[in-house]
Amino acid sequence: MFANRWRTISALVFALLCIIFNWQWGVGVMFLFWAIRDIADGESHFVETIKRSEELILYCLVIAMQLFFALFFLVADFSKNDFLLWFL
């Protein structure tokens, strides 16, 4: 049963580790993987399924937000002493 879902189980464990250790970069990695997967599939599963072929503008907005969140969380840990988050 669980052998077929190793990616999901790994992501859940990684998400738990991110919360325990306050790894904001880990959340960014998860958003990046999510965006890449949605771009490859041509549909996003945010609150409901949004297909690129049917609702291009909404699909692009969801992907853009995923990529923004990925960037935000990837650099959030390093922004304390750097200029990486000048837009905050």
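In what follows, every heavy atom counts, from backbone to side chain, and hydrogens, waters and symmetry copies are set aside.
Taking CD1 of I63 as the reference point, atom CD1 of I36 lies at 10.5 Å (rounded to 0.5 Å). Once rounded to the nearest 0.5 Å, the distance linking CG of L67 with CD1 of I39 reads 5.5 Å.
Residue pairs meeting the salt bridge (Lys or Arg N to Asp or Glu O under 4.0 Å) criterion with at least one member in residues 18-33, sequence neighbours excluded, do not occur. Identified under the salt bridge (Lys or Arg N to Asp or Glu O under 4.0 Å) test for residues 52-65, with sequence neighbours left out: none. Contacts classified as salt bridge (Lys or Arg N to Asp or Glu O under 4.0 Å) and involving residues 9-25 (residues at least two apart or in different chains) are not found. Pairs engaging residues 59-69 under the side-chain hydrogen bond (donor to acceptor under 3.5 Å, both in side chains) rule: D38-Q66 [sequence neighbours left out].
With sequence neighbours excluded, the residues satisfying side-chain contact (heavy atoms from CB on, under 4.5 Å) with T49 are E43, H45, K51. Among residues two or more places apart in sequence or in another chain, the side-chain contact (heavy atoms from CB on, under 4.5 Å) test is passed with L12 by T8. For the ring-ring contact (aromatic ring centres under 6.0 Å, His included) test, residues two or more places apart in sequence or in another chain that qualify with F31 are W34, F69. For I19, the side-chain contact (heavy atoms from CB on, under 4.5 Å) test picks out no residue, with sequence neighbours left out.
When all heavy atoms are compared, the tightest approach of M30 to A15 is CE-CB, 3.8 Å. The minimum heavy-atom distance linking G28 with A70 is given by the pair O-CB, 3.4 Å.
Both F33 and V13 are assigned to one and the same hydrophobic cluster, defined by single-linkage of ILVMFWY side chains at heavy-atom distances under 4.5 Å. Cluster annotation: F73 and F68 are assigned to the same hydrophobic cluster (Ile/Leu/Val/Met/Phe/Trp/Tyr, side-chain heavy-atom contacts under 4.5 Å, transitive). If you chain together hydrophobic residues whose side chains sit under 4.5 Å apart, L56 and V47 never meet in one group. Follow the hydrophobic side-chain contacts under 4.5 Å out from F72 and you reach M65 in the same cluster.
By the 6.0 Å contact criterion, CZ on F14 is enclosed, its count of non-hydrogen atoms from other residues, nucleotides or ligands being greater than 12. Other residues, nucleotides and ligands place no more than 12 heavy atoms under 6.0 Å from the CD1 atom of I57.
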